Amino acid sequence: MQMEVRVILKAAGFICLVAVGLPANLSILLLFCQLRLLRGHLPPNDLIISNLAAMNFIVLLCRGLPQTLTAFGVKRFMNDWGCKVIIFAYRMGRAMSISVTALLGCYQSVSVAPATPRWTIMKRWLPPHLPHTIILLCGLNFVITSGSILFAEAPPANGSIPEYTLNLEFCIMVYPGAEVYVSHGTANTVRDVFFVALMVLAAVYILLILYRHRQQVKGLRGASKASAGASQAVLLLVCTYVALFGLENVLWGYTLSVSRVLPAVSDARVFFASCYSALSPVLIIASNRRLARNFLCFKCEQKANEDPSLQGQSSNSHVGE
């Protein structure tokens, strides 16, 4: 009975994540692709968000779908190489998701910073170097997560799980000993803590800047108001990630303290680790008015193409934006 409850909860949870997260992230990616084709470039903030959506899509595709299939009783649907590719892609996507979220927080804190000489230099330097920063983060995360290629395997046919193994049910991570098991987990945790610390520092700085603005002008207007809205959206993403990160790492700390990890604990940890990939695109769309207007604009254009009588109206509204 306990096993059935765990399987039902696992299936329901991951189905919700996949059903919400995949379409939402794909919608953001398609929208930014259209904007890139129409305008020839993306603003720095949109460039970061598009990369975040791409990484979140990979996380849900490489972890949400396999976990859902496993919950429905599908067994051994991947061989060793399939597990190596899927687990590496998931870990790379998750690592880039946290890195890009931290980059988004840092970029927003630089954007709202006062126009002092030092901050002015940073404001000019950072936007054109964002692609290089994202490539650097990719290289760093590749080095840290490359170990998953060595340790990922398909689950054994006899169902026996050796010691120092992370059991994901559709695949397993078999570490050669306690030292490798703990050191590999510690390296991932240190990286995550570093980027979460960056998020928190950026969020605190943004809050201080917003508070000072409100004290000075008693209500933001114009560009300051728009900047405050973008900052609040970033703060919402950061707070959501930090909360989920805390839950995930409580469970991760437990997994490092035992030689065999219970499937229920692994399921809960992976669920919390994947939640951000499904929730963040929803939060981005809900909190970003400009993004929401772009969605409405494209919908108006589609209706205009279907109904010629609306083409003039759609064109006028698009120019007005």
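Residue numbers count from 1 along this sequence. Nothing here was measured: the structure is a model prediction, and the numbers come from that model.
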Rounded at 0.5 Å granularity, tell me how far [atom1] in [X] sits from [atom2] in [Y].
{"X": "C33", "Y": "L42", "atom1": "SG", "atom2": "CG", "answer": "8.5 Å"}
{"X": "L30", "Y": "L26", "atom1": "CG", "atom2": "CG", "answer": "4.5 Å"}
{"X": "R91", "Y": "I149", "atom1": "CZ", "atom2": "CD1", "answer": "11.5 Å"}

Where the side chain of [X] meets the backbone of [Y], is there a donor-acceptor pair that is under 3.5 Å apart?
{"X": "T101", "Y": "S97", "value": "yes"}
{"X": "N56", "Y": "G21", "value": "no"}
{"X": "D80", "Y": "E153", "value": "no"}
{"X": "H184", "Y": "V180", "value": "no"}
{"X": "K10", "Y": "T68", "value": "no"}

| message | Less than 6.0 angstrom separating the ring centers of F151 and F88, yes or no? | response | no

| Does CZ belonging to F77 count more than 12 external heavy atoms closer than 6.0 Å? | yes

Sub-4.5 Å side-chain heavy-atom contact between [X] and [Y]:
{"X": "R36", "Y": "F32", "value": "no"}
{"X": "Q108", "Y": "N45", "value": "yes"}
{"X": "V18", "Y": "Q67", "value": "no"}
{"X": "M92", "Y": "C138", "value": "yes"}

Hydrophobic cluster membership, [X] vs [Y], 4.5 Å side-chain cutoff:
{"X": "L17", "Y": "V59", "result": "no"}
{"X": "V100", "Y": "L236", "result": "yes"}
{"X": "I98", "Y": "V250", "result": "no"}
{"X": "V242", "Y": "L198", "result": "yes"}
{"X": "L237", "Y": "V204", "result": "yes"}

| said: Once you measure the plane-to-plane angle for H129 and H132, does it fall in the parallel (<30°), tilted (30-60°) or perpendicular (>60°) bin? | reply: tilted

